[in-house]
Visitor: 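One structure, as structure tokens, below. Some questions next.
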Amino acid sequence: MVLDFLGTGWSFPPTFRKENGGVDLVSGVDDIQQSMEILLTTLPGERVMQPEFGAGMERLIFEPFNTTLKTYMEKLIERAIQTHEPRVILNAVTLEAAAEEGLIWINIDYTIASTNTRNNYVFPYYKDEGSEIRN
């Protein structure tokens, strides 16, 4: 069921359709989760009209994953979501190092504010050999 009041936006990454001259759209929970992915992968200052938008984790990518870094990253993510994603109530953010070196699983537990529906979004955050963040 598509919940129109949760919003509709371009899919991420944007996909254009030549046959109808349009762009693929997403709605509801998919739109919220894709918005969170954009938020987590955007550097603060990268958006011209929204210089504070983004989580700012990129500068931490080579730091050792210890309790201090884990807590700091959780706070960065919490602040970014609470500031830039008004459709959700954040319940918890947890990070877990994966067996694959350099991979951190970001688990975001949230409730959609307008429907009181609880959801979970898991985001893989890691560094590849080309030193670009990928997911």
Side-chain angles (χ1 to χ4, degrees):
M1 175 173 123
V2 175
L3 303 171
D4 292 334
F5 56 88
L6 292 180
T8 298
W10 285 21
S11 64
F12 181 75
T15 306
F16 298 93
R17 300 289 173 197
K18 185 176 182 179
E19 57 271 7
N20 64 5
V23 64
D24 286 347
L25 300 175
V26 292
S27 297
V29 175
D30 290 337
D31 186 38
I32 290 172
Q33 291 186 344
Q34 287 187 10
S35 293
M36 281 194 220
E37 182 175 345
I38 293 167
L39 179 60
L40 293 176
T41 57
T42 301
L43 289 162
E46 194 171 7
R47 284 203 163 172
V48 176
M49 300 301 287
Q50 296 182 20
E52 300 298 317
F53 186 87
M57 298 182 297
E58 292 77 11
R59 68 182 183 276
L60 307 172
I61 201 72
F62 291 112
E63 297 296 323
F65 190 68
N66 55 29
T67 304
T68 302
L69 181 66
K70 179 179 174 183
T71 304
Y72 183 64
M73 287 179 70
E74 287 170 353
K75 296 303 176 193
L76 284 175
I77 295 164
E78 288 172 6
R79 185 178 311 118
I81 292 171
Q82 290 170 341
T83 303
H84 300 289
E85 188 46 78
R87 297 174 289 181
V88 304
I89 299 165
L90 192 59
N91 300 322
V93 173
T94 56
L95 277 66
E96 180 182 335
E100 180 184 337
E101 187 167 335
L103 174 62
I104 299 171
W105 292 107
I106 300 171
N107 186 359
I108 302 169
D109 182 26
Y110 65 95
T111 301
I112 298 173
S114 59
T115 64
N116 203 30
T117 306
R118 195 165 185 164
N119 284 287
N120 188 44
Y121 177 60
V122 178
F123 179 77
Y125 183 77
Y126 59 100
K127 189 76 169 169
D128 68 6
E129 293 174 11
S131 75
E132 300 238 350
I133 294 170
R134 57 178 213 184
N135 54 25

Visitor: Look at the side-chain heavy atoms of Ile, Leu, Val, Met, Phe, Trp and Tyr, link any pair under 4.5 Å apart, and say whether Ile61 and Val93 land in one connected group.
Guide: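 Cluster IDs for Ile61 and Val93 match.
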Visitor: Please say yes or no: joined through hydrophobic side-chain contacts below 4.5 Å, possibly via intermediate residues, are Val29 and Val26 part of one cluster?
Guide: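 No, it is not one cluster - the side chains of Val29 and Val26 are not joined through contacts under 4.5 Å.
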Visitor: From Asn91 CG over to Ile108 CD1, what is the distance, rounded to the nearest 0.5 angstrom?
Guide: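 Between atom CG of Asn91 and atom CD1 of Ile108 there are 11.5 Å.
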Visitor: A side-chain contact here means heavy atoms from C-beta on lying under 4.5 Å apart; do Tyr110 and Met36 qualify?
Guide: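 Heavy-atom side-chain distance check passes, below 4.5 Å.
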Visitor: In Å and rounded to the nearest 0.5 Å, what is the CE to OG1 distance from Met57 to Thr41?
Guide: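 These two atoms lie 8.5 Å from each other.
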Visitor: Quick one: closest heavy-atom pair of Ala55 and Ala80, and the distance?
Guide: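 So the minimum-distance heavy-atom pair works out to CA-CB, 4.0 Å.
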Visitor: Determine the minimum heavy-atom distance between Thr94 and Glu74, stating which atoms define it.
Guide: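 Nearest heavy atoms, Thr94 then Glu74: CA-OE2, 3.6 Å.
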Visitor: Can you confirm whether Thr68 sits close enough to Glu63 that some side-chain heavy atom of one is under 4.5 Å from a side-chain heavy atom of the other?
Guide: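 When only atoms from C-beta onward are counted, Glu63 and Thr68 do not touch, as no gap falls below 4.5 Å.
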Visitor: Return the CG to CD1 distance between Leu40 and Ile77, rounded to the nearest 0.5 Å.
Guide: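 Interatomic distance, Leu40 CG to Ile77 CD1, rounded to 0.5 Å: 5.5 Å.
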Visitor: Determine the minimum heavy-atom distance between Glu85 and Ser35, stating which atoms define it.
Guide: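 Taking Glu85 first and Ser35 second, the nearest heavy atoms are OE1-CB, 3.4 Å.
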Visitor: By side chain to side chain contact (heavy atoms under 4.5 Å, CB included), which residues pair with Phe65, not counting sequence neighbours?
Guide: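 If we apply the side chain to side chain contact (heavy atoms under 4.5 Å, CB included) test to Phe65, skipping adjacent residues, the hits are Leu69, Lys70, Leu95, Ala97, Ile104.
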Visitor: Leu60 versus Leu76: any side-chain heavy-atom pair under 4.5 Å?
Guide: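 Heavy-atom side-chain distance check passes, below 4.5 Å.
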Visitor: For atom CD of Gln50, decide whether the heavy atoms of other residues, nucleotides or ligands shown that lie under 6.0 angstrom number more than 12.
Guide: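 Counting other residues, nucleotides and ligands, CD of Gln50 exceeds 12 neighbours.
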Visitor: What I'd like to find out is whether the side chain of Glu78 reaches to under 4.5 Å of the side chain of Leu90, using heavy atoms alone.
Guide: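 Yes. Closest side-chain heavy atoms under 4.5 Å.
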Visitor: Report the distance from atom NE2 of His84 to atom CZ of Arg79, rounding to the nearest 0.5 Å.
Guide: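 Here the rounded value is 10.0 Å.
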Visitor: Mind checking whether Phe53 and Pro44 have side chains closer than 4.5 Å, heavy atoms only?
Guide: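 No, side chains not in contact.
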Visitor: Spell out, yes or no, whether Ile112 and Ile38 are grouped together once hydrophobic residues are joined by side-chain heavy atoms under 4.5 Å, including indirect joins.
Guide: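 In one cluster: yes.
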Visitor: Rounded to the nearest 0.5 Å, how far apart are CD1 of Ile89 and CD of Gln82?
Guide: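 Going from CD1 on Ile89 over to CD on Gln82, the span is 10.5 Å.
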Visitor: Out of curiosity, does Leu25 fall in the hydrophobic cluster containing Phe16 (side-chain heavy atoms, cut-off under 4.5 Å, transitive links)?
Guide: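 Yes, it is one cluster - the side chains of Phe16 and Leu25 are joined through contacts under 4.5 Å.
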Visitor: Output the rest of the hydrophobic cluster of Leu43: all Ile, Leu, Val, Met, Phe, Trp and Tyr residues reachable through side-chain heavy-atom contacts under 4.5 Å, sorted by chain and number.
Guide: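 Grouped by the 4.5 Å side-chain rule, Leu43 forms a cluster of one, so the answer is none.
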Visitor: Do Ile81 and Tyr72 land in one hydrophobic cluster if side-chain heavy atoms of ILVMFWY residues count as linked below 4.5 Å?
Guide: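 Yes: a chain of side-chain contacts under 4.5 Å links Ile81 to Tyr72.
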Visitor: Please step through side chain to side chain contact (heavy atoms under 4.5 Å, CB included) for the pair Phe123 and Glu37, ending with a clear verdict.
Guide: CA-CA 7 Å; Phe123 179 77; Glu37 182 175 345; 3.6 Å; yes
